[in-house]
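Encoded as structure tokens, the structure appears first; notes follow it.
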Amino acid sequence: MTEVPGNVRLIGGEMLLWSDADAVTDWRGAGLELVRRLVPPGGRVLVAGPHPKGLIGAVSGTASSVAVLVRSYPDACALGERHPALDVHCGRLRALTGVQPYDLVLALDGLERTHSAEEPAPPWRASLQALAALVAPGGRLVLAVPNDLGVDRFVDARPPDREGADGHWEPHGFDPSHPGGPEALDAALEAVGVVAERCYAAYPSRCAPRALFGRELLREDLPEALTVPLTAPGGDTMLVADPLRLTRLAFRHGLGEHLAPLWLTVATRPRSSAAEDGPHGAEAEEGSYEPGVAAAEEGPYEAGAGIDEAPYAPGVAPAEEPGVASAEEGPYASDVVAEHACAPDVAVEDAREPAAVADAPRDVLPEGLVEVGRAVHEVTATSTRRLPGGTARPIPRGRIVEEVLVEACAREDVRAVRDLLAALAAWVADGGDAPADNLVWDGERFTAITPVPAPGSPESVPVVLCRILWRFAVRLLAAGHHHPWPWPLDAGQLALTLCGMAGQTCDQDDLDRARKLEAELGQPVGPAELAGAAPTYRDLLSARDRVTEQLTASLARIARLETKLSYRERELVRTRAKLRKSQRKAATLRRTLGYRLSRRLSRPRRAARKVLRLLTR
């Protein structure tokens, strides 16, 4: 680029040969719905840090004045050309001076990428103070804060201090001013003059949030049908354990907020507060700030906060064009909805009808938002409602069928397995179809959590049941769970056994058809078979245990064969000794006088026999 666009302002600390566009946090439906409700019509909005183009386009289409702050010079020029009406500031956050406060400040990428690599990384609270000073009285601050102790940190096998991407030149997790929990985050916000209005826990990962749960909602006993889909997607991350079970246990034990991969807080500056709540401008440029804010630091830039955003999630599919979602059943049923695509190169347009938009009023913060496929659902403790215009539907209560079966297998309770499989077979006979890991059982009925895509052609009941149980068998064996059947049984044989326990006779042809049907539906079978994902350490340990068992049996067999071989070798040695002894006796006998005389006397007799044979011819 040879010329800077007229709406781009260089404020200092800009990075001329760097771009953050490829590592933008992938905010889509849930994040866009929240931002849509917060953007004041006709107000002033500041977007601080790199954000998806779809989010910037949605904000600029509502607010009267929108400014963007990025540290990357190429990104600033690209934004200036794409949105001529934007005020694009290029540089570090603390250099943004001489501007009027904003009615809404969005920092959905956090504070780690608001400073330049050419300066010492400021403490997190110093960046927070500089950002909060840009909020007008009565305005709002929407800030994303990564959790150093989130579920994604537990399942990720790589050390968090060095993520390994190009943008992570600062070690992560060594900033003492970074909040260690929701309460610390509230206190930090209050110290800079803003009050937390609502704090959301974002799942399943910090790089691709798809669900937002408010603090009040997390205090409720959320059903597993709502919490099970909140697992990290498959990618190139080496995992320690299956995130499905770990996330489910976090919600079950009431730790959903404390172990969230990301916190998204909405804070408000009281109208009575003045702009001098925290120093800004020249004082902030030198790194000085309120003592109450910087109490945890020993210096203005001691233990700087490293950039914590992971690279763009490999397992996240690119944004799709707005379309029509298929009809669904269960808690996340969806109708026609336009997808908010926030991939780096896709602009988003709001295709909602005016009446539908009025159905979700602005400035009303939801308790929770969940994005499933192309649909966004507003969530309460007991129901979900598709946006826009959907009706509230109750969330099914109960336990995941796969977990119930795994527990029964661990107890070797064959009767409980048989009873549950019989009920499952009856449900399949009535037209039901969903894998055991996507099915809720409340003791009386089954309910699918998310809809299963319909196959190209209708299948018989034995094939559908065999597909469900074969998938369960593969996951059971891949995870290394205990079960009451002999361990040499493979997944196919175990699936046929389970079909027999369910009262349905299935043969090898049904099993082959079930495997083809599973491949046709394109659903990943188990943790070790997720597309593009490496097996977890738990899977590797389970595989190691199975190989150890097989190796132990092979070694025992080899030991028995070696014992038998040693015995045979000893027998062979004794036989050879006896043979040599007999040969020595025969040699001694040949040297005796009687043997030599008998040999000489027998010669004429042999000669006469030869003559007789010749004469008789």
Side-chain angles (χ1 to χ4, degrees), residues 25 27 30-31 33-35 37-40 43 45-49 93 101-112 114 123-150 175 177-203 206 209 211-220 254-275 277-278 289-290 292-296 305 362-369 379:
T25 305
W27 289 100
E33 175 63 26
L34 180 64
V35 170
R37 298 190 183 190
L38 292 175
V39 174
V45 179
L46 172 67
V47 181
L93 172 62
Y102 295 90
D103 299 320
L104 177 65
V105 176
L106 299 176
L108 274 68
D109 190 69
L111 299 175
E112 286 75 16
T114 57
W124 183 87
R125 291 198 180 185
S127 299
L128 175 63
Q129 183 179 7
L131 187 66
L134 299 173
V135 182
R140 278 171 166 166
L141 169 65
V142 183
L143 175 65
V145 181
N147 183 10
D148 293 335
L149 204 61
D175 186 0
S177 69
H178 193 278
E183 293 79 8
L185 176 58
D186 294 345
L189 293 171
E190 185 177 356
V192 297
V194 294
V195 179
E197 185 176 355
R198 175 155 286 175
C199 183
Y200 293 97
Y203 282 87
R206 66 186 64 196
L212 299 175
F213 291 99
R215 184 173 299 171
E216 298 80 3
L217 184 61
L218 291 174
R219 292 170 182 168
E220 304 290 338
L255 299 176
E257 182 181 12
H258 293 276
L259 298 183
L262 187 75
W263 295 308
L264 185 66
T265 182
V266 180
T268 304
R269 179 178 293 278
R271 294 187 180 275
S272 59
S273 64
D277 284 343
Y289 36 86
E290 289 183 356
V293 177
R362 297 182 183 275
D363 205 39
V364 176
L365 297 181
E367 294 185 34
L369 295 171
V379 179

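Owing to the predicted nature of the structure, the values given are computational and were not obtained by experimental measurement.
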Full working for side chain to side chain contact (heavy atoms under 4.5 Å, CB included) between L128 and L141: CA-CA 10 Å; L128 175 63; L141 169 65; 4.2 Å; yes
Side chains of [X] and [Y]: closer than 4.5 Å at any heavy-atom pair?
{"X": "Y200", "Y": "L369", "result": "no"}
{"X": "S127", "Y": "E112", "result": "no"}
{"X": "V379", "Y": "P366", "result": "no"}
{"X": "P209", "Y": "L262", "result": "yes"}
{"X": "R140", "Y": "V266", "result": "yes"}

Looking at [X] and [Y], what are the two nearest heavy atoms and their distance?
{"X": "L212", "Y": "A202", "result": "CD2-CB, 3.7 Å"}
{"X": "A267", "Y": "L189", "result": "CB-CD1, 4.1 Å"}
{"X": "A107", "Y": "L131", "result": "CB-CD2, 3.7 Å"}

With W27, the side chain to side chain contact (heavy atoms under 4.5 Å, CB included) member among V35, L106, L108: L108
Stepwise side chain to side chain contact (heavy atoms under 4.5 Å, CB included) check, V195 with T268: CA-CA 5 Å; V195 179; T268 304; 5.5 Å; no
Under 3.5 Å, side chain of [X] to main-chain N/O of [Y], donor-acceptor pair present?
{"X": "R269", "Y": "A132", "result": "yes"}
{"X": "R198", "Y": "L365", "result": "yes"}
{"X": "N147", "Y": "H258", "result": "yes"}

Under the side chain to side chain contact (heavy atoms under 4.5 Å, CB included) test, residues paired with V145 that sit two or more places apart: W124, L143, H178, P179, L185, W263
Within 6.0 Å of CD in E216, more than 12 heavy atoms from elsewhere: yes
Qualifying residues under side chain to side chain donor-acceptor pair (under 3.5 Å), relative to D186, sequence neighbours excluded: R215
Residue pair V45, D103: steps toward the side chain to side chain contact (heavy atoms under 4.5 Å, CB included) verdict: CA-CA 6 Å; V45 179; D103 299 320; 6.0 Å; no
Steps toward side chain to side chain contact (heavy atoms under 4.5 Å, CB included) verdict (L46, L104): CA-CA 6 Å; L46 172 67; L104 177 65; over 6 Å; no
Under-4.0 Å salt bridge between E257 and R219: no
Euclidean distance, Q129 CD relative to L111 CG, rounded to 0.5 Å: 12.0 Å
